[in-house]
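Here is the structure we will look at, set down as structure tokens.
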Amino acid sequence: MHIDKEAFKAKLIANVRILSRQSVETATQEQLYEALAFTIRDYVTSKWLETHETYDRTGCKIVCYLSMEFLMGRFLGNAIMNMTMFDEIKEVIDEMGIDYNLIEDAERDPGLGNGGLGRLAACFLDSLSTLELPAYGCGIRYHYGIFEQKIVDGAQMELPDDWLHNGDVWGVRRREYAVEVKFYGNVVREMKDNGEYRYVHENYQSIIAVPYDYPVVGYNNNTVNTLRLWDAEAKNMFDLEKFNSGDFQKAVEEQNLAKALTDVLYPADEHYAGKELRLRQQYFFVSATLQRVITKFKMKFGNNFALLPEKYAFQLNDTHPSIAVAELMRILVDENDVAWDEAWEITKKCCAYTNHTIMSEALEKWPYDLFSRLLPRIFMIVEEINKRFCNMLIEKYGHDAEKIRRMAIIADGQIRMAWLAIVGSHSVNGVAALHTEILKNQELKDFYEIYPERFNNKTNGITQRRWLGHANQKLAKLITKEIGDGWYTDLDELHKLEPLANKKKFREAFMDIKRENKVELAQYFKETMDIDIDPDSIFDIQVKRLHEYKRQLLNVLHIMHLYNQLKEDPNMDMVPRTFIFGAKSAAGYKMAKLIIKLINKVADLVNNDPSINGKIKVVFAANYRVSLAEKLIPAADISEQISTASKEASGTGNMKFMLNGAVTMGTLDGANVEIMEEVGEDNIFIFGMKADEVIDQYARNDYNPWDIYNMDPDIQAVLNMLINGTLDSNTETFKPIFESLLNGYNGSRADEYFVLKDFNAYAKAQAKVDAVYKDKDKWAKMAIMNTACSGKFSSDRTIKEYAEEIWGLKPVHVEMKKK
Ligand code: KVW
């Protein structure tokens, strides 16, 4: 988009003055950021208004992506890139003597999510806007995002993430769309005029849901969709009646209650804890979203609810918003007098559910009493859904009591949210081909048997705009120079790089950029951690949430093994390697925290031992988050994707690394399987057990890791380091890790994730990396092939599949009216 540079400059100067009472010369980076963001927001707003005017005028179908998490990353740079204003803005900023990068860095990184699931939601929104698909992201405006991680004496410390501290430039409070959400109380039955019953919720507590809208700018088009995040406010602060009647104290108390609701994101990834506040958050944003949608629907289309599935689709991001199934039934049946059967058909047509994990500890199962107390009417509706579903099962299977107990939505005093989501949706999808097969054949077999037509796969993707265009501007420029800029909206264009892998000049240019990115990262580590790393070493990176199944432990045990080898033979022939980790652990996940400590203690040992000649370095990059990922990933040579096969549903970090020319070291798990299909076996390092072997091994239950420990002196030496004082003078510190690997810990199986079973295969694959890297040409070809073959993993491809196969959603072109 072309801008009038002089007009832009004037607006920017005015905004610095209005917002901060400063001049460009005296303003801080934060103040300059705020002023620039406001200036850009003005351009965004014109398109935003036009987009919604178009949606209203055409009455088009809209998808609502319901998610507890949106890990958006910084807005400013992304908005500027997607508006294709970057070059001009950069020029203006340079002319004004301001360092553009410092301004971008002054933006707080809004961490309203834990990891892959929240980031996927953000990539999807970017693709929806770029593909001109009408969409809302619907979620919660947490006042505190994922905690800020500090490392103190090797251990993780959590600090609050006060992301709203400097204000909220991108959020627009929409007081006029506030809705009431009701909790607790009781339900009474009333006779309607026609002799039927109506159920009425009484004696409830109210919270007001107020939406804040954030713009989601499409790439090089006029579409600006909305991320709508709901905030909680107290009812009596709202309507001032109670206030005037003197109940000030009560109003303030209520305000505190309301505030608690949206105060903080639950920082546990793939872990269900059964906390009431979490269920309150879920119902709060789901109810607010659906109430608002139905109000809007009625304004546009009247009470013909049979039309609802043609106008709205609700995608449930995991089971977290699955209460939507019951809430939509409540709104239709109780509030709009739609008959149950009709409402049920409408609900199923509107809702679709995405499953992201088979990890049993992540399954949401709410205790009956908690659920019925908090949401008495919703509970009744779930009971009715369950009754009808079980009757259907009895009709189909006779009295196969075991099967019906397994499949019932309510059983063992719990409400199984995944079952509710499946029964109440027309689509159930997994997030990678392997994952979907495991769902169909194992975890959700019973449901696949009755509803085969509902099951489908949607392999995850990532947006190339943020993960290449913004994160790796040098590589983006080189690629555009060679093959044009079509890849911004059609990532398969990258295949045109394949023949260039055979051109020496291109290989050099490609690897020069990789080296520059490594130098920049080395500088960052020098500045922030005062650590020296060698840009000519292999950058081997594992960044993701800390989870036992993701096996950061396998990586660090292998580093300890390399260290032992170097101690024995300091002249061992190996390419120097820098192992980089980034990972947050849930605050209460003891084993994960201990693994973080282990990585840091190994780093202390290895980095401070001159006898190994700097051959290996270990860096734990604290506070891993989207903005740090944007620095790390472009500098990677090796991408560690080493989860126990069958456990990682998809992974999306794997795709970001591949796009940036890193080679995957991985198991055949999640989307790694499809990455190998795309890039070819020769351009990836695959090792270890396969998913079916893992599943069979669990079933046989005859694995004894002691056999490995006793037979393998290398593994024995490494494990002994955990308990012999090498790493920590307190020999008890890492004992739980030793225990969990050999005997099982806290009721888990011994080496539940097959770290020892896969160790040798991993070490061998890592030795192969070393050998291949020595051949510079060969490595460059592999790296280029990874970028060239990453087209499939664009979230544009994923979103097209959702739009066509699940939502029946068509693009709506937005045209700017001539001023
Ligand atoms: C609770 C999750 C936050 C709170 C998942 S599965 C479950 C959760 C649960 C998050 N996150 C991850 O989703 C990603 C996106 O589909 C997958 O790539 C990843 O494999 C999966 O672990």
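The first residue in the sequence is number 1, and the count goes up from there. As the structure lists them, so they are numbered: ligands from 1, and atoms in each ligand from 1.
Of the charged side-chain nitrogens involved, none lies within less than 4.0 Å of a carboxylate oxygen, so that Asp796 and Lys792 do not count as a salt-bridged pair. Under 4.0 Å is where a charged nitrogen must lie from a carboxylate oxygen, and between Arg406 and Asp446 at least one such pair does. Of the charged side-chain nitrogens involved, at least one lies within less than 4.0 Å of a carboxylate oxygen, so that Glu158 and Lys593 count as a salt-bridged pair. Under 4.0 Å is where a charged nitrogen must lie from a carboxylate oxygen, and between Glu437 and Lys440 at least one such pair does. A salt bridge does not link Lys647 to Asp669: none of the charged nitrogens lies less than 4.0 Å from a carboxylate oxygen.
Within the structure, ligand 1 has Gly651 among the residues with a heavy atom less than 4.0 angstrom away. Residue contact annotation: Met359 has no non-hydrogen atom under 4.0 Å from ligand 1. In this structure, Gly115 does not count as a contact residue of ligand 1, since none of its heavy atoms falls inside 4.0 Å of the ligand.
Regarding atom 11 (N) of ligand 1, its nearest protein heavy-atom neighbour is Leu117 CB, 3.5 Å. Closest protein heavy atom to atom 3 (C) of ligand 1: Glu69 OE2, 3.2 Å. For atom 20 (O) of ligand 1, the closest non-hydrogen atom of the protein is Glu648 OE1, 2.6 Å. Closest to atom 9 (C) of ligand 1, if we only count protein heavy atoms, is Glu270 N, 3.2 Å. For atom 16 (O) of ligand 1, the closest non-hydrogen atom of the protein is His356 ND1, 2.6 Å.
Using modelled atom types and a 3.5 Å distance limit, the side chains of Glu640 and Gln766 yield a donor-acceptor pair. Between the side chains of Arg545 and Tyr589, no donor-acceptor pair of N or O atoms lies under 3.5 Å.
For the pair His271 and ligand 1, the shortest N or O to N or O distance does not fall below 3.5 Å. Residue contacts with ligand 1: Thr357 is placed with no nitrogen or oxygen under 3.5 Å of a nitrogen or oxygen of the ligand (distance criterion only).
Neither the backbone nor the side chain of Ala362 comes within 4.0 Å of ligand 1, counting heavy atoms alone. Residue Met68 does not touch ligand 1, judged by heavy-atom distances below 4.0 Å. With a heavy-atom cut-off of 4.0 Å, Asn460 touches ligand 1 through its side chain alone. Contact annotation for Tyr549 and ligand 1: only side-chain heavy atoms (C-beta onward) come within less than 4.0 Å of the ligand.
Interface atoms of ligand 1 facing His320, defined by a heavy-atom separation under 4.0 Å, are 1 (C), 4 (C), 9 (C). The ligand atoms of ligand 1 that sit less than 4.0 angstrom from a heavy atom of Ala268 are 4 (C).
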Next on the checklist: Could you go through Lys800 and Glu804, starting from their C-alpha distance and side-chain angles, then the distance that decides it, and tell me whether this counts as salt bridge (charged side-chain N to carboxylate O under 4.0 Å, His left out)?
Outcome noted: CA-CA 6 Å; Lys800 273 184 209 151; Glu804 284 166 20; over 6 Å; no

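Ring pair His558/Phe579 is perpendicular by interplanar angle, where above 60° counts as perpendicular and below 30° as parallel.
Tyr451 pairs by the ring-ring contact (aromatic ring centres under 6.0 Å, His included) definition with nothing, not counting sequence neighbours.
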